[in-house]
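Only this structure's heavy atoms are used, side chains among them; waters, hydrogens and symmetry mates stay out.
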Amino acid sequence: SIVTMSSNKNKNTSYSPGLAGVLAGESAISTVGKQGFGLMYRGYSIQDLAAHCVFEEVAHLLLYGELPTKRELDAYVARLGQLSELPAALRAALELVPLSAHPMDVLRTGCSLLGNVAPEDDRSRVRDILDGLIASFGSMLLYWWHFHKHGERIDTRARPNETIARRFVRMLHQREPTELQVRTVDVSLILYAEHGFAASTFACRVTTSTLSDVYSAVCTAIGTLRGPLHGGANEAAMHLISQFSSPDDAEQGVRAMLAKKTKIMGFGHRVYRKCDPRSDVIKECSRRLSQAPGGKPALFSISERIEKLMWDSKKLFPNLDFYAASAYHQCGIPTSFFTPIFVIARTTGWGAHIIEQRGANRLIRPSAIYKGPQLKAFVPLHSRKSGVTKLSKL
């Protein structure tokens, strides 16, 4: 709910916890929740983009403003492939990051280090830097993982005409992926690419509004996405569905969780009111994987039973994260990599917002309603008494 209060200047000021419903800027990048369910990137529906594009087309659309021609797409895929090789300094640093580190911390550290190796010394290079981050985040993650998990220094260079989705799955498994695996990851990157003023994007724009560099803005976004209330819901969904051995077991378990008022991750949305338009798209990918050789039909059936239960009992629909979990799992992707894949995709959206914010910048500096004590008499040091304050208990 929005609380309206009067300021010292007799002007009404409104406060909405979590900034829910607050208009915080103008954007031409995407619409989220139009008519309660719609999602468009620069005027194109998410359904059309997911059905007909590869991720590089959508990245080009978001960062450069238009869908590429065939020649432009080929050149863009080749360029991103060239940028997938990691600098020696970054490889050396990744070898120092322990396997126990959170994969999101690995990407944040890698992004920050690139800011030292190849700093943004010219604002006109912003798209070049963003392309480099999009191309290299997967390389960072998998170089670090293979080095510490298997003792291997993998080659992160792309093969000719190799897309980011194909390269990621190939480098992960160190063998040629199936076309269904590649398409699933490609579609997921498109679906995760952009989503308006989500928490990480807004944080990214706040950093950008200070005229900081692009690496700092993306590090801000990664740190925000790391929080379980923003990123991580797909990982939580995987932890949920993996607990159960059958649909009946899942229904019984989730009912017990609901009775205890446990939050079921992967359902509902802050903006969408009718459905998440991305959910059915990724659900179909998960369904197709479950029917393919090596698929896990029981996992998909468990997911469907939980979906039905959540709608019947709570009228909550699945969001993108719920079926992304079973889709990624059936591609052989470790659960801890789910949110880092989100980073690869959303860097395109973050980048578009960085460029847009710089184009019409004003420092983002909201106000707050003060709820602390009124003016107090100052107490000299020798006269103060110790005591436990409310702040010390936080």
Side-chain angles (χ1 to χ4, degrees), residues 1 17-18 20-21 31-40 45-47 50-51 180 184 187-188 190-192 195-196 198-199 227-292 295-331 333 335 338-339 341-342:
S1 62
T31 61
V32 180
K34 191 173 184 179
Q35 298 177 332
F37 59 87
L39 174 62
M40 298 188 301
S45 78
I46 193 62
Q47 288 85 357
L180 186 53
T184 296
V187 167
S188 77
I190 293 170
L191 298 176
Y192 274 117
H195 217 223
L229 291 185
H230 185 13
N234 47 19
E235 297 180 22
M238 189 63 232
H239 291 311
L240 170 71
I241 60 179
S242 63
Q243 296 177 39
F244 307 117
S245 58
S246 68
D248 288 345
D249 183 31
E251 180 166 348
Q252 181 179 357
V254 174
R255 284 190 184 279
M257 294 171 71
L258 291 174
K260 296 177 182 178
K261 302 189 182 303
T262 302
K263 182 176 177 63
I264 308 299
M265 300 298 286
F267 287 88
H269 197 274
R270 180 77 166 262
V271 177
Y272 297 122
R273 291 293 174 261
K274 299 178 181 178
C275 70
D276 183 335
R278 305 165 298 174
S279 177
D280 284 348
V281 179
I282 199 66
K283 179 180 179 179
E284 183 57 27
C285 291
S286 182
R287 183 196 306 278
R288 292 176 63 198
L289 285 163
S290 73
Q291 297 168 346
K296 298 187 177 181
L299 193 71
F300 184 78
S301 297
I302 287 168
S303 300
E304 282 199 307
R305 180 68 69 86
I306 295 173
E307 177 189 7
K308 183 178 186 304
L309 173 61
M310 291 300 292
W311 180 254
D312 290 344
S313 61
K314 294 292 184 179
K315 292 296 180 284
L316 288 175
F317 52 82
N319 55 42
L320 169 60
D321 295 316
F322 185 68
Y323 278 103
S326 56
Y328 283 156
H329 183 77
Q330 292 181 95
C331 288
I333 298 172
T335 303
F338 291 3
T339 310
I341 294 174
F342 195 153

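Residues N319 and G268 share a closest heavy-atom pair of ND2-O, 2.9 Å. A50 and V281 get closest at one heavy-atom pair: CB-CG1, 3.9 Å. Nearest heavy atoms, G295 versus P297: O-CD, 3.3 Å. Scanning both residues, M265 and P228, for their nearest heavy atoms gives CE-O, 3.5 Å. Considering every non-hydrogen atom in both S290 and F300, the closest pair reads CB-CB, 3.8 Å.
Here the side chains of T31 and L39 are not in contact, with every heavy-atom distance at 4.5 Å or above. In this structure, F338 and I333 have side chains that are in contact, with non-hydrogen atoms separated by less than 4.5 Å. For the pair S286 and Q330, the minimum side-chain heavy-atom distance is below 4.5 Å. Side-chain contact between M257 and I264 is present, with at least one heavy-atom pair separated by less than 4.5 Å. With a 4.5 Å cut-off on side-chain heavy atoms, E304 and P247 do not count as touching. Contact annotation: the side chain of P318 approaches that of E307 to within less than 4.5 Å [non-hydrogen atoms, C-beta and beyond].
Take S279 and apply the side chain to side chain donor-acceptor pair (under 3.5 Å) test, not counting sequence neighbours, and it matches no residue. Every residue was checked against the side chain to side chain donor-acceptor pair (under 3.5 Å) condition with Q291, not counting sequence neighbours, and none meets it. Listed by chain and number, the residues in a salt bridge (charged side-chain N to carboxylate O under 4.0 Å, His left out) with K314 amount to none (sequence neighbours excluded). Residues passing the ring pair (Phe, Tyr, Trp, His ring centres under 6.0 Å) test with F267 are F322, sequence neighbours excluded.
Residue K315 qualifies as enclosed at atom NZ: its count of foreign heavy atoms under 6.0 Å is above 12. Open room surrounds CZ on R288; 12 or fewer heavy atoms of other groups in view lie less than 6.0 Å from it.
For the atom pair NZ of K283 and CG of L320, the computed distance is 14.0 Å after rounding to the nearest 0.5 Å. In this structure, M238 CE and S326 OG are separated by 7.5 Å, a value rounded to the nearest 0.5 Å. Atom OG of S303 sits about 11.5 Å away from atom NZ of K296, to the nearest 0.5 Å. Once rounded to the nearest 0.5 Å, the distance linking CG of L289 with OG1 of T184 reads 4.0 Å.
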Apply side chain to side chain contact (heavy atoms under 4.5 Å, CB included) to residues Y328 and T335 and explain how you reach the verdict.
CA-CA 8 Å; Y328 283 156; T335 303; over 6 Å; no
Hey, mind stepping through E284 and Y323 against side chain to side chain donor-acceptor pair (under 3.5 Å) and telling me if it holds?
CA-CA 9 Å; E284 183 57 27; Y323 278 103; over 6 Å; no
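For T262 (side chain) and L258 (main-chain N/O), no donor-acceptor pair under 3.5 Å exists by modelled atom type. With hydrogens and angles ignored, the 3.5 Å screen pairs no side-chain donor or acceptor of D321 with any backbone N or O of A233.
Residue pairs meeting the side-chain hydrogen bond (donor to acceptor under 3.5 Å, both in side chains) criterion with at least one member in residues 240-253, sequence neighbours excluded: S245-D249, D248-R305, E251-R255, E251-R305. Pairs engaging residues 227-239 under the side-chain hydrogen bond (donor to acceptor under 3.5 Å, both in side chains) rule: Y192-N234, S200-H230, E235-T339 [sequence neighbours left out].
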